[in-house]
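First up is the structure itself, then whatever we jot down about it.
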2 protein chains.
Amino acid sequence: MEDVKCNGCHLKCDSFKFLTKDELELIEANRSTVVFRKGEKIIRQGSIFKEMVSFNQGLAKIHIEGTGGKDLLLGIISSSEIIGGPGLFHDKRYSFSLTALTTSRICLIDSEIFMQVFKTNYLFAESFLREFSRRYNDFFQRFLSLTQKQMHGRMADALLFMADSVFNADSFDLPLSRQELGEFAGMSKESVCRILKEFKDEKLINTNGQKIDILKKDLLCRILEAI
Amino acid sequence: MEDVKCNGCHLKCDSFKFLTKDELELIEANRSTVVFRKGEKIIRQGSIFKEMVSFNQGLAKIHIEGTGGKDLLLGIISSSEIIGGPGLFHDKRYSFSLTALTTSRICLIDSEIFMQVFKTNYLFAESFLREFSRRYNDFFQRFLSLTQKQMHGRMADALLFMADSVFNADSFDLPLSRQELGEFAGMSKESVCRILKEFKDEKLINTNGQKIDILKKDLLCRILEAI
DNA sequence: ATAGAGTATTGATTTATATCAATTGGATTA
DNA sequence: TAATCCAATTGATATAAATCAATACTCTAT
């Protein structure tokens, strides 16, 4: 992988497009580009917040790790996004973990430098805060889903999220194991299997290993909405 | 209630102390002071984001309302705080509801004017973002508690939160009904009664109506930590 | 090919927790 | 003081979903 300059990088997040040449060069001088392989942890929940993650390419999961070793999958990053979480402004710790699901290319940007640019370029700051808040709002939606719905609804939610927010297609190769899908939909891996089978028997979806086809989206939406 | 000028108001949030006289006067000219009584809704989830809430006095709950009428209590506001949620930067809708638990005094500030000040005074912006992110982080903690622990742990969590984060005392008059305490701890009101009784029988706490005394905090903490 | 390891599937059982039902208690009003 | 109403409590029952257990499948490495 050749090292592309930030200025010419077409993978960078939209917010960076508000930066001046000088600002971009400052970022450039204080970033490192790293490739993470499947399963490698990019951000570790609880550790000191030193860098902002500029996610460029690949697929990663945002998750929180409970004390009992139970994991909860909060979101999937599939396109360019600047990721840091509330610790940036709050306690300088990461509130969640970020783990690569497929080989992923990211840039790590020193958070002090990031804040320096944030402070001086309002257009950039506003764009970043929009992104930041969209993610915040997404967490709220997950919160609602996980606490208010029961298994069938949560599974419908998870599948529709994959189709609409990650792949923009009704057929896709799920980048998650059954275990991880369970962590996303808030249920055990066994329950995942049972519900997928039910959906398959009712011809709402088709499954073949990791391959999933959504056949009756309207019905799936109705399951999602039914409390 | 006489109308105090913002400049002389000793109830205002810390962030406002970073404003210049002119900025404070701008806010002053675009705010209304309102008193809400117990049960009155200050912010309605899903409605258009027009105003920031500067909470000054009283007690209120932040909650999300599920489609099935089920409510989930996410936090309690007991001291000055600027409240708006991610909609300020994102979709101009409130992500949660805010309802007074006791008579509460708040100021409503036009969100455009708020953003105008936010944009021009970086110290203010930074202070606000710190507050904003602390709340964000608190939601994460609740998320963790609600999804990773079971009833006893969640109840211990709820009681310790009241003692440490709301009242700063181990004895307090709970401002929530059993129903609401259930919405906070993620369980039915009947389960609330049963667990409070258990805790009482084990002499961890004492209860008498809304009055709650925490007797063995260390043991309660241990229940909280046990997965 | 074959062994081995991990993942997925399916069924049986258990458990946590909600719901339903009945009773009590406390506050408010007539 | 009685009547009314709503919240709280307690017990009995139902149910959603986890866990346990056994088997099947898939992939990798030898």
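Residue numbering restarts at 1 for every chain, and letters A, B, ... go by the order of the sequence lines.
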Close N/O contacts between protein and nucleotides 16-26 of chain D (under 3.5 Å):
unit_1 : atom_1 : unit_2   : atom_2 : d
D/dA17 : OP1    : A/Met151 : N      : 3.2
D/dA17 : OP2    : A/Met151 : N      : 3.4
D/dA18 : OP1    : A/Ser188 : N      : 3.4
D/dA18 : OP2    : A/Ser188 : N      : 3.4
D/dA18 : OP2    : A/Ser188 : OG     : 3.4
D/dA18 : OP2    : A/Ser191 : OG     : 2.6
D/dT19 : O4     : A/Arg194 : NH2    : 2.9
D/dC20 : N4     : A/Glu190 : OE2    : 3.2

- prompt: More than 12 non-hydrogen atoms from neighbouring residues, nucleotides or ligands closer than 6.0 Å to CZ on B/Arg222, yes or no?
  reply: no

- prompt: With under 30° as parallel and over 60° as perpendicular, where do the rings of B/Phe49 and B/Tyr94 fit, or are they tilted in between?
  reply: parallel

field: Mutual orientation of the aromatic rings belonging to B/Phe16 and B/Phe114 [parallel < 30°, tilted 30-60°, perpendicular > 60°]
entry: perpendicular

query: At how many degrees, to 10°, do the end axes of the helix from C/dA1-D/dT30 to C/dA30-D/dT1 meet when each uses five pairs?
result: 30°

query: Quick one: B/Lys211 NZ to D/dA8 C1', roughly how many Å, whole number?
result: 18 Å

statement: To the nearest angstrom, the CD-C1' distance between B/Glu180 and D/dC6 comes to 14 Å

- prompt: Can you check whether B/Ile77 reaches B/Arg135 side chain to side chain, under 4.5 Å on heavy atoms?
  reply: yes

Any residue meeting side chain to side chain contact (heavy atoms under 4.5 Å, CB included) with [X], in chain and number order, not counting sequence neighbours:
X: B/Ser32; value: B/Val34, B/Leu108
X: B/Asp218; value: B/Lys216
X: A/Ser97; value: A/Lys41, A/Gln45, A/His63, A/Glu65

- request: Tell me, please, the opening and closing nucleotides of DNA chain C, 5' to 3', among those with an atom under 4.0 angstrom from a non-hydrogen atom of chain A.
  value: C/dA8 to C/dA12

- prompt: Using a cut-off of 4.0 Å on non-hydrogen atoms, how would the nucleic acid contact of A/Lys189 be classed: base, sugar-phosphate, or nothing?
  reply: nothing

- prompt: Looking across every strand, which nucleic acid part, if any, lies under 4.0 Å from A/Gln210 by heavy atom: base, sugar-phosphate, or nothing?
  reply: sugar-phosphate

- request: Return yes if a side-chain donor-acceptor contact under 3.5 Å exists between A/Asn137 and B/Ser95, otherwise no.
  value: yes

task: Please name the pair of heavy atoms, one in B/Phe199 and one in B/Ile223, separated by the smallest distance, quoted to 0.1 Å.
output: CE1-CD1, 4.0 Å

query: So does A/Asp170 pair up with A/Lys217, basic N to acidic O under 4.0 Å?
result: yes

